[in-house]
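In what follows, a single structure is set out as structure tokens and then discussed.
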Amino acid sequence: MGNKVAVIFDEIFLKHDPGSFHPERPERVKVILERLNKEDLRPLIQIFPPEKAEKEEILWNHTESLYNFIKTSAEKGTFQIDADTGGNEYSFEAACYAVGAQKTGLKLIFEEGFDYVFALVRPPGHHAERDRAMGFCLFNNIALAAYYARNYYGIKRILIVDFDLHHGNGTQKSFYHTDEVLFFSTHQYPYYPGTGNYDEIGTGYGRGYTINVPLKHGCGDDDFIFFYQNLLKPIAFQYKPQLILVSAGFDCMLDDPLGDLEVSCKGIAIITEILREIAYNFCNGKILFSLEGGYNLKNLSEGTATLIKTLIEEKKRFLHYEVSPSSYALELFRKIKDLLAFKGFWEI
Ligand SMILES: [Zn+2]
């Protein structure tokens with residue numbers, strides 16, 4: 001079903017509240033939902049409720065002590081884990097449904113024939129580590145999507161692409177040792193959470209299967225797109241993923257209050273086309289997107305709208321789009337190539 005994007009949403013995602021004046025606020029999913037319901041997008045989507053993740057599923061990626069800690073914290077009401085991360089009485093429930101949305105999304109992909117799923121969830125997940133909730137994240141939604149794909153559908157080669165402004169430290173850690181997941185992340189650097197330098201490439205069997213692109217503040221469309229065209233695409237064509245999972249963080253976009261990678265809607269459209277092309281070639285077109293950051297409400301909703309429209313559009317508008325990368329990007333590309341190509345991991 002390539003003519004509609006399945007959107008997974010539940011009211012519980014509006015109830016999780018990390019505290020007043022917090023940028024990761026319920027309005028985020030509300031504005032996206034309102035945008036998706038406008039007449040240009042409504043025919044392109046179909047909304048489904050998420051299932052709730054089981055405890056044993058969450059424990060694939062998290063310790064029982066973290067699971068119990070989030071559960072008991074929420075039972076007490078308003079709670080604060082660190083300076084950035086907190087919640088209320090609905091947060092545990094919302095976090096379980098945000099993980100469960102990944103399970104529902106994969107069911108729609110593998111059992112109902114959908115090509116594209118967008119999990120419209122809060123809290124986000126990519127910072128959450130095995131034993132630690134942090135950076136607005138409680139459980140790692142996208143990492144658990146990879147476990148669902150592996151454990152329920154036998155998928156052995158998964159590409160996770162993380163285009164959030166911030167480095168997905170939690171996701172990286174979950175799969176740093178394995179070649180069953182290829183993790184590709186573009187992010188502002190140096191920046192929160194501090195990880196994600198280009199020389200972090202995995203370890204053991206996972207060596208060469210973590211690819212970090214630390215972008216400079218103010219980078220803009222050209223540098224951003226350059227790495228999707230010239231690094232992600234050739235590597236993905238060699239890895240031949242059976243499924244693509246995307247940590248979709250729209251805080252990489254223009255005028256985000258939390259950072260300045262300054263990517264436009266056109267930039268989002270171009271990387272979406274690249275992802276769609278990889279999916280078309282290797283995984284029957286299947287991509288699951290899960291919402292991460294994005295704190296400028298207008299760009300968050302327009303970025304999501306652009307992504308969904310680009311997925312459905314027949315026409316490939318930007319397949320041969322030419323960019324002019326900065327000297328910083330070219331130097332970074334050379335360093336990544338030295339590490340990954342000359343050591344024989346990938347031909348770039
Ligand atoms: Zn972010």
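Numbering of ligands and ligand atoms starts at 1, following listing order.
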Item to complete: Specify which N/O/S atom of His166 comes nearest to the Zn ion (ligand 1), by atom name.
Response: ND1
Worksheet item: What N, O or S atom of Asp251 is found closest to the Zn ion (ligand 1)?
Response: OD2
Item to complete: Answer yes or no on whether Lys316 is positioned over the face of Tyr280, meaning its NZ or CZ is under 6.0 Å from the six-membered ring centre and within 45° of the axis.
Response: yes
Practice prompt. Considering just N/O/S atoms, say which atom of Asp164 is closest to the Zn ion (ligand 1).
Written response: OD1
Worksheet item: Between the Zn ion (ligand 1) and Cys252, is there an N, O or S atom separated by less than 2.8 Å?
Response: no
Worksheet item: Taking C-beta and beyond as the side chain, do Ser301 and Glu34 meet within less than 4.5 Å on heavy atoms?
Response: no
Practice prompt. Could you pull out all residues at least two apart from Lys52 that satisfy side chain to side chain donor-acceptor pair (under 3.5 Å)?
Written response: Glu93
For residues 241-250, tabulate all N or O donor-acceptor pairs below 3.5 Å that involve a side-chain atom, not counting sequence neighbours.
| unit_1 | atom_1 | unit_2 | atom_2 | d |
| --- | --- | --- | --- | --- |
| Gln242 | OE1 | Lys156 | N | 2.7 |
| Gln242 | OE1 | Arg157 | N | 2.8 |
| Ser247 | OG | Glu292 | OE2 | 2.8 |

